[in-house]
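Since the structure comes first, as structure tokens, the remarks are kept for the end.
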Amino acid sequence: MKEIQSRIIGKLKQDEEIEDWWESEPVEIPFFENRKLTITFSGCLPEEDARFLEEADMAIEEFLKKGKSERASVSSLVYKNCMDFLHAIGYEEEDKALWDIKDENEIWNFVDPSEIYVSRRSYKKHDMYVQICCECKWEPEHGVQIVFRQGKQVTRVSGQDGHLTEADAYGKPDEEDELLSKFNV
């Protein structure tokens with residue numbers, strides 16, 4: 001099994017089935033109060049993209065600086081994702097605890113992070129993105145994802161649909177993507 005070395009998270013082992021996926025050992029994630037999660041560098045073919053590892057390390061380094069206060073700063077986006085979904089399906093008794101949320105920060109009681117991917121956007125500006133995939137109480141089928149461009153700033157909160165940006169998901173210009181267009185380099 002092949003390995004690559006990240007200066008931030010150490011050794012990553014190549015996935016046995018997907019050659020461009022490289023998985024770390026579980027890493028403490030300050031954003032989730034040091035919960036340990038595996039980080040996967042996705043789309044990484046070192047012999048074809050010499051800068052991938054360096055750019056992925058920069059993105060994950062930025063992301064790992066984020067703690068509980070930064071998580072609180074995106075609570076409103078995760079809460080909005082929940083409420084939009086609940087309004088779309090209508091009231092169901094099993095979702096009462098979600099409907100009863102009084103403080104947007106309580107939304108994290110219903111979110112369970114499962115994995116983190118670091119990948120390069122394949123459309124337009126080929127920046128590196130950190131994608132946190134989570135299970136959530138309101139959408140058991142698709143969960144929720146929180147995406148950080150360059151590991152610095154949230155540029156998408158949505159169901160897990162395989163897209164890193166709203167622009168890519170809906171085929172629109174980056175400047176029409178509300179969160180992406182606010183990204184400050």
Side-chain angles (χ1 to χ4, degrees), residues 8-9 24 26-40 42 56 58-119 121 127-170 172 174-185:
I8 305 302
I9 57 174
S24 74
V27 175
E28 287 186 356
I29 308 299
F31 191 80
F32 290 107
E33 298 175 342
N34 292 327
R35 179 163 177 184
K36 289 188 172 191
L37 296 171
T38 298
I39 298 174
T40 300
S42 171
M58 287 189 298
I60 205 67
E61 183 175 34
E62 285 296 322
F63 173 70
L64 290 174
K65 292 176 184 175
K66 299 182 179 327
K68 194 173 180 177
S69 65
E70 289 84 3
R71 186 179 73 203
S73 74
V74 299
S75 295
S76 63
L77 297 170
V78 178
Y79 177 79
K80 181 183 181 320
N81 177 271
C82 172
M83 290 298 115
D84 288 350
F85 182 82
L86 293 179
H87 285 288
I89 64 168
Y91 183 83
E92 294 180 11
E93 187 63 31
E94 63 198 42
D95 296 324
K96 183 176 181 342
L98 294 164
W99 287 102
D100 289 347
I101 290 174
K102 302 292 183 236
D103 177 345
E104 292 175 346
N105 289 307
E106 292 176 34
I107 196 66
W108 299 107
N109 296 328
F110 303 95
V111 175
D112 185 26
S114 54
E115 47 206 346
I116 296 176
Y117 295 93
V118 181
S119 57
R121 183 179 179 201
D127 255 344
M128 205 59 72
Y129 287 76
V130 176
Q131 173 188 23
I132 304 136
C133 296
C134 306
E135 306 282 325
C136 64
K137 173 80 171 131
W138 62 93
E139 221 307 24
E141 187 175 342
H142 297 107
V144 65
Q145 69 177 1
I146 306 159
V147 182
F148 291 81
R149 184 174 178 181
Q150 297 176 3
K152 296 177 181 177
Q153 184 176 324
V154 170
T155 52
R156 187 166 195 226
V157 173
S158 68
Q160 297 174 38
D161 63 3
H163 296 286
L164 296 171
T165 69
E166 291 289 310
D168 296 345
Y170 298 104
K172 58 186 178 183
D174 287 1
E175 44 290 342
E176 291 179 21
D177 181 325
E178 183 182 352
L179 292 175
L180 186 62
S181 66
K182 294 177 182 173
F183 179 75
N184 301 315
V185 178

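Owing to the predicted nature of the structure, the values given are computational and were not obtained by experimental measurement. These numbers come from the heavy atoms of this one structure, side chains and all, not from hydrogens, waters or symmetry mates. Numbers here simply count residues along the sequence, with the first being 1.
- A salt bridge (charged side-chain N to carboxylate O under 4.0 Å, His left out) check over residues 74-86, counting only residues at least two apart or in different chains, returns the pairs Lys80-Asp84.
- Remark: Lys68 NZ is loosely packed, at most 12 non-hydrogen atoms of other residues, nucleotides or ligands lying under 6.0 Å away.
- Every residue meeting the side chain to side chain donor-acceptor pair (under 3.5 Å) condition with Asp168, not counting sequence neighbours, appears here in chain and number order: Arg121, Thr165.
- For the side chain to side chain donor-acceptor pair (under 3.5 Å) test, residues two or more places apart in sequence or in another chain that qualify with Glu61 are Arg7.
- Sequence neighbours left out, the pairs with a member in residues 104-116 that pass salt bridge (charged side-chain N to carboxylate O under 4.0 Å, His left out) are Arg35-Asp112.
- With values rounded to the nearest 0.5 angstrom, Asp177 atom CG is found 6.0 Å from Glu166 atom CD.
- Between Lys65 and Glu62, at least one side-chain nitrogen of the basic residue sits less than 4.0 Å from a carboxylate oxygen of the acidic one, meeting the salt-bridge criterion.
- Defined by atom type and a distance below 3.5 Å, a donor-acceptor pair is missing between the side-chain atoms of Ser181 and Glu175.
- Salt-bridge formation is detected for the pair Glu33/Arg71: a Lys NZ or Arg NE/NH1/NH2 atom is positioned less than 4.0 Å from an Asp or Glu carboxylate oxygen.
- The side chain to side chain donor-acceptor pair (under 3.5 Å) check on Tyr170 picks up nothing, with sequence neighbours excluded.
- In this structure the side chain of Ile29 never reaches within 4.5 angstrom of the side chain of Pro113, judged on heavy atoms.
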Checking Arg156 against Asp161 for the salt bridge (Lys or Arg N to Asp or Glu O under 4.0 Å) test, could you report, in this order, the C-alpha distance in whole Å, the side-chain angles of both residues, the deciding distance, and whether it holds?
CA-CA 11 Å; Arg156 187 166 195 226; Asp161 63 3; 2.8 Å; yes
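- Taking Ser75 as the reference, Asn105, Trp108 meet the side chain to side chain donor-acceptor pair (under 3.5 Å) condition, with sequence neighbours excluded.
- The CZ atom of Phe148 sits 5.5 Å away from atom CZ of Phe63, with the distance rounded to the nearest 0.5 Å.
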